[in-house]
Amino acid sequence: MKMRYLVLLIAFMAIGQLKAQSDETLIDEKIETILKQLTLEEKVKMCHAQSKFSSPGVERLGIPEIWMSDGPHGVRAEIAWDAWNHAGWTNDSCTAFPALTCLAATFNPDLSYKYGVAIGEEARYRKKDILLGPGVNIYRTPLNGRNFEYMGEDPYLASVMCVPYIKGVQTNGVAACVKHYALNNQEVWRSHINVQLSDRALHEIYLPAFKAAVEDGGVWSIMGAYNKYNGQHTSHHEVLINDILKGDWGFDGVVVTDWGSAHDTKEAALNGLDIEMGTGTDGLTSSTENAYDYYYLAKPFLEMIKSGEIDESVVDDKVRRILRLMFRTNMDKNRSFGRKANQEHFDVAREVAQEGIVLLKNNRNFFPLNPETDQSIAVIGENATRMMTVGGGSSELKTVHEISPLEGIKKRFAKANVTHAMGYSSGPSVYGRVLPSDLDQDKLKKEALELAKTADVVIFVGGLNKSHEQDCENGDRKSLNLPFGQDKLLNEIMAVNKNVAVILVSGNAVAMPWQDKAKAIVQAWYLGSETGHALADVLSGDVNPSGKLPFSFPVNLEDNGAHAFDELSYPGDGVNQVYKEDILVGYRWHDTKAIKPLFEFGFGESYTQFEIKEATTDKSNYKSGEEIRVSVELKNKGKTKGAEVVQVYLGEIDAEVLRPEKELKAFKKVELEAGQSQIVHLKVPVDHLAYYDEATGNWKLDQGQFKISVGRSSRLIDEELNITVR
């Protein structure tokens, strides 16, 4: 009976595969039929924008326009056709999902898929064909203003978490657009800085998530970056796009510029750019020299084809890709209608926020607070009430609602006496500028200190915000320290009240000169529509925190690898930049150089206690093509149900080339009841132990001994094993 079932299953799978191949063949035939009907002018027209967020179709043939929207954690409000003003619609509100740093902190790929499905449904309902996300650029420096949009410092974590997001979005007939390809790891001088780094660092650190998006996620579009790599702009780069993306990885989708990141017609045409979008163009009301028809892939492209300088086959390849994307999206008759801003989506946003919140410190079980007591709780800090779905640059959102931390705390702790004081003010949110607050800072501080003196508990809700030089596009932070005098304010609050917990709202690491005096520290990220509810869920113990840091918190800025050298390493000299830390990014730098971080990658506490023991492998010797099978016993030793992330790191012993002390190669999030134990199984392909050999331009797997480290963070290692690769 089992054999018969297996035979039937194999037969059905084969039929499904044949049908998929048949469908692809049919689509390819349709594309060729359409291509023959298009004039040269119509083909070129499909390769550039017609408005801020759309590219033209071909009216006479019924080929639709392509409509795009900013992401990656919500569908942006409608922008005017030909200006960066909001269009003023009343039906373009969305669910604001947590920023991707929070999603990465969940270490939960299943939740990433739910996130992708939900945000894809919202994009589909809003009639979008491309959602501009996820962002998978690597967290190289804590000063990068756009880190909050990305998935942390580890290429394996970013790879594992981005793939289900992409698949979830694309189930709705909406193309995910992975960005920014590649090496856009800072915002200062982003439009022209020329990044130089080793081929090892490129392939081992900065490309894996993009590769996974293509090969494992089947992503339908990719956005180029602004910066240069080895002297050439990355949105039309011979090596990055032609050789690697479309060559080695076999990407069959569409490459879209970041807005205004094209710089040359011939390079754009020959080096793989498919659709050019723009920033400064006022295509309807300004002179023709600044109109959409004069983009690099517009009339200049057409003239080069007509003159014979560029072969028509070049534009044909671009149009094939664009049409293929259309058959997957707006010319797919079977795609759903989508839906938005419903309770199910708010529930997904809340669940991601709950699982992504990271408990960094919890002295003497300060949290959870009992919501049934009548204690006095002083909530201090501007971020307790400040909206965080607005600002940040292109990821700004117009959400149906945003529950503030103060609102969530007041609702859950209804029996307590909850009061609030701002304590500090950051000033108005203005894109591209820093404006001082017009509020009396001394008065705000005095009010906060008076409130703190009489409270049983102080919850300080501070951190960064999404204004310029904070967590915001087109600018980097100026310092690792908290802005707006928060460090000094915290020290003064802690001098008058010993029961102070700090809630950090940010997408970046910050310095914590006051951390030894804080009773508890929570990394809360930008949590979206359900911020206050999710935060109160964790503070009250309704939800046991299980988030893990997706990047390291250094004690000092110079403890970060990018900042351990001269200014050429960061931010560069205004023209060039050299990644001098090479492959040692994040915890790889800290562990290999024996520099203790403030909080390490993968770290996060719980309201219960977990134990990992009795790690084993299925054998001791392995070869290429095999899998290392690791098994450990995970036990919840506490009295509360909770989830722990079992993390497997590997490092080569006595390597002949520079290798990190350890690298994350597998993880699994497991939920256990109090007192429950479970055997957890994880797999690591042996070939994932290879390094990129610059001499051969390929991956090389050394023979020799490797150390397996199993633990609950990159430094909290419970079990170690040695294996041999032969």
Side-chain angles (χ1 to χ4, degrees), residues 70-74 97-120 123 130-140 144 146-172 174-185 202-225 240 244-245 249 251 253-256 258 348 352 355-356 395 507 525 547-551 585-586 601-602 645 663-669 688:
D70 273 317
H73 46 266
F97 296 90
L100 295 194
T101 43
C102 178
L103 178 61
T106 69
F107 276 67
N108 187 341
D110 293 337
L111 200 50
S112 182
Y113 180 77
K114 290 173 67 174
Y115 187 121
V117 170
I119 195 173
I130 300 177
L131 179 70
L132 303 177
V136 297
N137 293 99
I138 292 297
Y139 185 110
R140 178 178 181 250
N144 181 12
R146 216 163 180 182
N147 277 333
F148 71 98
E149 292 189 48
Y150 304 142
M151 294 190 176
E153 71 188 22
D154 184 74
Y156 178 76
L157 175 64
S159 298
V160 171
M161 294 300 292
C162 81
V163 167
Y165 176 110
I166 291 164
K167 290 182 176 180
V169 169
Q170 294 183 171
T171 60
N172 298 282
V174 174
C177 187
V178 176
K179 61 185 187 182
H180 306 87
Y181 187 72
L183 302 170
N184 181 192
N185 305 307
L202 177 70
H203 286 273
E204 292 185 22
I205 303 297
Y206 297 101
L207 291 187
F210 291 103
K211 184 179 182 181
V214 173
E215 295 186 343
D216 301 328
V219 73
W220 296 339
S221 62
I222 280 184
M223 182 191 290
L240 289 176
I244 297 175
L245 177 63
W249 301 346
F251 176 63
V254 170
V255 175
V256 183
D258 204 338
V348 171
V352 173
E355 286 205 27
S395 66
W525 316 112
K548 302 289 182 178
L549 289 180
F551 52 78
V585 176
F601 172 86
V645 180
E663 299 180 274
L664 183 69
K665 295 298 181 183
F667 63 85
K668 184 175 289 187
K669 194 166 197 175
H688 285 190

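Note that the numbering runs from 1 along the sequence shown for the chain. Worth knowing before you read on, the calculation uses all heavy atoms, side chains too, and leaves out hydrogens, waters and symmetry mates.
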Worksheet item: Please walk me through it: do T171 and Y113 pass side-chain contact (heavy atoms from CB on, under 4.5 Å)?
Response: CA-CA 10 Å; T171 60; Y113 180 77; 3.5 Å; yes
Worksheet item: So, does K665 use its side chain to make a donor-acceptor pair with the main chain of H688 at under 3.5 Å?
Response: yes
Worksheet item: For V645, what residues pass the side-chain contact (heavy atoms from CB on, under 4.5 Å) criterion, not counting sequence neighbours?
Response: F107, K548, Q647, F667, K669
Worksheet item: For I130 and C177, which heavy atoms make the closest approach, and how far apart are they?
Response: CG2-CB, 3.7 Å
Worksheet item: Are I119 and V169 close enough that some pair of their side-chain heavy atoms sits under 4.5 Å apart?
Response: yes
Worksheet item: Would you find a donor on one side and an acceptor on the other, under 3.5 Å apart, between the side chain of N147 and the backbone of Y139?
Response: no
Worksheet entry | Flag side-chain contact, heavy atom, 4.5 Å: F251 against I222 | yes
Discussion item. What I'd like to find out is whether the side chain of E204 reaches to under 4.5 Å of the side chain of P155, using heavy atoms alone.
Written reply: no
Worksheet item: Is I244 close to Y181 at the side-chain level, that is, under 4.5 Å between some pair of heavy atoms?
Response: yes
Fill in: Distance (rounded to the nearest 0.5 Å) between L549 CG and L157 CG
11.0 Å
Worksheet item: So do the side chains of H73 and S395 get within less than 4.5 Å of each other, counting heavy atoms only?
Response: yes
Worksheet item: Which heavy atom of P164 sits nearest a heavy atom of V160, and at what distance?
Response: CD-O, 3.0 Å
Discussion item. Measuring centre to centre across the rings, with the benzene-like ring taken for any Trp, is W525 within less than 6.0 Å of F551?
Written reply: yes
Fill in: Worked verdict on E663 versus Y156 for side-chain contact (heavy atoms from CB on, under 4.5 Å)
CA-CA 9 Å; E663 299 180 274; Y156 178 76; over 6 Å; no
Could you pull out every donor-acceptor pair under 3.5 Å between side chains of residues 208-221 and any protein atom, sequence neighbours left out?
from, atom 1, to, atom 2, distance (Å)
W220, NE1, G218, O, 3.4
S221, OG, A176, O, 2.8

Worksheet item: Closest approach of G135 and P72, non-hydrogen atoms and distance?
Response: N-CB, 4.3 Å
Item to complete: For I138 and D154, work out which heavy atoms get closest and say how close.
Response: CD1-C, 4.2 Å
Fill in: Over all atoms of both residues, closest heavy-atom pair of M151 and L100
CE-CD1, 3.9 Å
Worksheet entry | ring pair (Phe, Tyr, Trp, His ring centres under 6.0 Å) partners for Y165, two or more places apart | Y115
Worksheet entry | Check: E355 and L111 side chains under 4.5 Å, non-hydrogen atoms | yes
Worksheet item: Would you call L202 and L183 a side-chain contact if the rule is heavy atoms closer than 4.5 Å?
Response: yes
Discussion item. Please report the interatomic distance CG(L240) to CG(L207), rounded to the nearest 0.5 Å.
Written reply: 6.5 Å
Worksheet item: Would you call M161 and T106 a side-chain contact if the rule is heavy atoms closer than 4.5 Å?
Response: yes
Item to complete: Taking salt bridge (Lys or Arg N to Asp or Glu O under 4.0 Å) as the test, write out the residues that go with K114, two or more places apart.
Response: E351
Discussion item. Quick one: does any side-chain atom of N172 pair with a main-chain N or O of V117 as donor and acceptor, under 3.5 Å?
Written reply: yes
Worksheet item: Taking only residues two or more places apart in sequence or in another chain, which ones pass salt bridge (Lys or Arg N to Asp or Glu O under 4.0 Å) with R140?
Response: E581
Discussion item. Could you go through Y206 and N185, starting from their C-alpha distance and side-chain angles, then the distance that decides it, and tell me whether this counts as side-chain contact (heavy atoms from CB on, under 4.5 Å)?
Written reply: CA-CA 9 Å; Y206 297 101; N185 305 307; 3.5 Å; yes
Discussion item. Between K179 and D258 (side chain of the first, backbone of the second, donor and acceptor by atom type, cut-off under 3.5 Å), is there such a pair?
Written reply: no
Response to the item:
Residues pairing under salt bridge (charged side-chain N to carboxylate O under 4.0 Å, His left out) where one sits in residues 98-113, two or more places apart or in two chains, turn out to be none
Practice prompt. Could you pull out the closest heavy-atom pair between H180 and M223, with the gap in Å?
Written response: CD2-SD, 3.5 Å
